[in-house]
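Data block below; observations after.
Because the structure is a prediction, the values reported are computed rather than measured.
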Amino acid sequence: MKDNSQDDKRHTHDSTATIGAVVVLAIVVLCLFTPLLVNLAFQHVAPVGFLEARWTPGELLGYAGGVFSCLGTVFLGCLTLHQNQLLRDETNRRIDAEEERNRLAFRPAFNITFRSGAGDKIRFEIQNVSSSFARDIAISGIVGIDNQGQTKWRNKNLLIPFLDRGGAQCFQVGELEVSKLLTANELARIEMYLSCINQFGEEYLYELTGFRTDENRGGPHQFYWTFEEVDVAEIEERQANQTS
């Protein structure tokens, strides 16, 4: 999944670095040219007594030394800020990596098996094969697709309240009879979405696709399933594109 927060952090960091560079450049120019302007002013007679300088050359040199000391302090301060920013970014990356490891460690995983039920309707058994229990398991967007890529039927959404580790439950998909699976162009694949919540309250969304398999890959009427974790925003964008 695409992590938009990382892009936002990177954009903010780049903007802050640009502003800091401009400020530092302005301070450097000011500190370098101020003594030069003062020195040039001392080479001319003031037009009025109010502007007549009362500084001695030693005082001018002392002022220049103070300016350069200030410049050095500003430079060290900016360097410290830059190092702190790098340290903060590294800490954030480590925190994000640790959170991602924890998220993957407790991510629910499922196994789907074909089952022929009463009336020879298409039925499947879903089993939780992860180390975390899953609750509020919602199966939505269930459609049957034929060999021509056309939607043959749609099924209502299903809800499984809870599946413990190793727990399983059967559900029926559509009204298509198992015997019709052998009919040409009747059913090529089944597509659906599965969302659930793990034991820490984190939500996961998967896109499931079941493909027909031949007799050499597990017997007749079998399905080979693929699971792909997706982002909710991607699904909404895809549905909007299909609508338009």
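Taking both residues in full, the closest heavy atoms of S131 and Q199 are given as O-OE1, 4.3 Å, listed atom of the first, atom of the second, then distance. Shortest non-hydrogen contact noted between L159 and D136 is CD1-C, 4.1 Å. The shortest non-hydrogen separation linking S195 to E203 is CB-OE2, 4.3 Å.
Every pair passing ring-ring contact (aromatic ring centres under 6.0 Å, His included) that includes a residue from residues 127-151 is listed here, sequence neighbours excluded: F133-F162.
Using a distance-only test at 3.5 Å, with no hydrogens or angles considered, a donor-acceptor pair links the side chain of N198 to the main chain of G201. When atom types are taken as modelled, the side chain of N128 and the backbone of S132 share a donor-acceptor pair closer than 3.5 angstrom.
F227 and M192 end up in the same hydrophobic cluster when Ile, Leu, Val, Met, Phe, Trp and Tyr side chains are linked at under 4.5 Å.
Salt-bridge check for E98 with R94: failed, with every basic side-chain N at 4.0 Å or more from each acidic carboxylate O. Ion pairing between E191 and R189 holds under the 4.0 Å rule for side-chain N and carboxylate O. A salt bridge links R107 and E229; the closest N-O separation between the charged side-chain nitrogens and carboxylate oxygens is under 4.0 Å.
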Quick one, D96 with E100, criterion side chain to side chain contact (heavy atoms under 4.5 Å, CB included). Give me CA distance, side-chain angles, the key distance, then yes/no. CA-CA 6 Å; D96 293 340; E100 181 65 13; over 6 Å; no
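Annotation: F110 is not in aromatic contact with W225 [ring centroid separation under 6.0 Å not met].
Among residues two or more places apart in sequence or in another chain, the ring-ring contact (aromatic ring centres under 6.0 Å, His included) test is passed with F106 by F200.
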